[in-house]
Structure formats: C-alpha cells, structure tokens
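Data block below; observations after.
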Amino acid sequence: MQKSVVQEKKQGNRLPASPAVIRRTLSLAAGEAAIAVFGGVCIHLLAPEAQAVVWQDGLSLIPLAGMILIVLLAAGLLQDFGRAFVYCVKGHQDITGKQMDRAVHSVKVSMATALITGVAVALVQAIHILVYTDMAEVEFLGLNFSVPCIGLLYGVFVTLLLLPVYARLKADGSAKE
C-alpha cells in the first residue's frame with residue numbers, strides 16, 4: 001500500500017524536492033555566486049597586488065552578525081527573516097500578505113543594520129588606531145587604516161548578499177497584491 005504525502009510528512013520522511021524548489025534554489029545560489037565572483041573580480045581589478053589574506057578580519061564579522069541578530073530579536077523579526085529564506089528557496093504559496101510584508105521588512109532591516117554596523121565598526125577601529133598609533137611612524141598609518149575599511153566592506157558585502165532575497169520577496173509580494 002502506498003503512503004500519502006501527509007502520512008510521509010507525519011512520519012518524518014523527507015520527500016524529494018520538486019523541480020520548482022530545485023530551480024528556485026539554484027537561481028538564488030547562482031545570484032549569490034555571481035555577486036561573490038563579481039565582487040572578487042572588482043577587488044582584483046582595483047587592487048591586483050592584494051592577497052586574499054588582506055581582506056580577512058574575522059573580528060569585524062562578530063559585531064556585524066551580532067548586531068543583526070540583536071536587532072532582529074528585539075524587533076521580533078527573526079522568524080520572519082528565516083521565513084524569507086525559506087520562501088525564496090521553496091516558494092510557499094500559502095504565505096499570507098502580512099507574513100510576506102514582515103519577511104520583506106526583516107530583510108530590509110537586516111540590510112540597513114549591516115551597513116550601519118559596518119560604518120560603526122570602521123569608526124571605532126579608526127578611532128582606536130588614531131589614539132594608539134605612534135604618530136612618529138606616519139608611514140604605517142595608511143596600512144593601519146586598511147583594517148577599518150574591511151569592517152565597512154563586510155557591511156556592504158552582507159547587504160549585497162541580502163539584495164537578491166529582498167528583490168525576490170519584493171517582486172513576489174507586489175505580484176500577490
């Protein structure tokens with residue numbers, strides 16, 4: 001006897017992904033990959049002598065991710081932020097208009113928070129450099145100021161990664177109205 005879809009879901013068995021889900025997932029992944037590749041090419045063209053290690057500053061990612069999480073939790077939008085990604089991948093048609101609006105709003109808030117936190121991290125790091133750098137060694141000042149720029153770059157990069165999600169939600173939300 002063949003089990004129904006409802007029985008399969010109740011038993012916890014995973015159903016194979018539909019072609020529409022696979023197509024939407026690949027479309028979103030391709031958009032994200034295109035942004036990453038284009039960003040890498042631009043960085044290489046602007047600074048061909050720079051190495052990949054120069055662009056890494058893990059400590060700048062901690063306040064960025066932490067602040068996005070805190071803002072989403074404080075606003076009660078964390079679940080909607082997750083729903084935005086599920087919708088973009090699976091394309092649930094049973095999402096209500098209010099849920100769609102909250103998902104769009106959560107992604108927009110995350111994008112703004114990433115940019116603002118990137119600027120704040122860059123400013124704090126720049127002030128720290130100015131206070132604790134020996135001004136007799138001015139030739140190292142430019143090298144020291146590259147670190148705050150990485151925090152700002154991370155904020156812009158997170159915003160660019162969220163942009164395709166926001167665009168898809170916004171387009172689908174206006175189509176539902």
Would a single hydrophobic cluster contain both Met67 and Leu78, if residues Ile, Leu, Val, Met, Phe, Trp and Tyr are joined by side-chain heavy-atom contacts under 4.5 Å? yes
Does one hydrophobic cluster hold both Leu72 and Leu69, with members joined at side-chain heavy-atom distances below 4.5 Å? yes
Does Val158 belong to the same Ile/Leu/Val/Met/Phe/Trp/Tyr cluster as Leu73, with side-chain heavy atoms less than 4.5 Å apart forming each link? yes
Out of curiosity, Leu161 CG to Met111 CE, how far, rounded to the nearest 0.5 Å? 10.5 Å
Can you tell me how far apart CZ (Phe85) and CG (Leu169) are? Round to the nearest 0.5 Å. 8.5 Å
Backbone N/O of Ala103 and side chain of Ser106: donor-acceptor pair under 3.5 Å: yes
Between CG on residue Leu64 and OG1 on residue Thr117, distance to nearest 0.5 Å: 6.0 Å
Check: Arg102 side chain, Gly97 main-chain N or O, donor-acceptor pair, under 3.5 Å: no
Any donor-acceptor N/O pair, Gln125 side chain to Ala122 backbone, under 3.5 Å: no
Do the non-hydrogen side-chain atoms of Tyr87 and Met100 ever get within less than 4.5 Å of each other? yes
From Ile68 atom CD1 to Thr113 atom OG1, the distance as rounded to the nearest 0.5 Å: 6.5 Å
Test: Arg83 and Asp80 ion pair at under 4.0 Å: yes
Is it possible for you to say whether Val107 and Ile95 belong to one hydrophobic cluster, with membership spreading through side-chain heavy-atom contacts below 4.5 Å? yes
pair Pro148-Val121: side-chain heavy atoms closer than 4.5 Å: no
For residues Val109 and Val165: do they belong to one hydrophobic cluster (side chain heavy atoms under 4.5 Å, members Ile, Leu, Val, Met, Phe, Trp, Tyr)? yes
Side chains of His105 and Asp101: closer than 4.5 Å at any heavy-atom pair? no
Calculate, to the nearest 0.5 Å, the distance between atoms CG and CZ belonging to Leu162 and Phe157 respectively. 10.5 Å
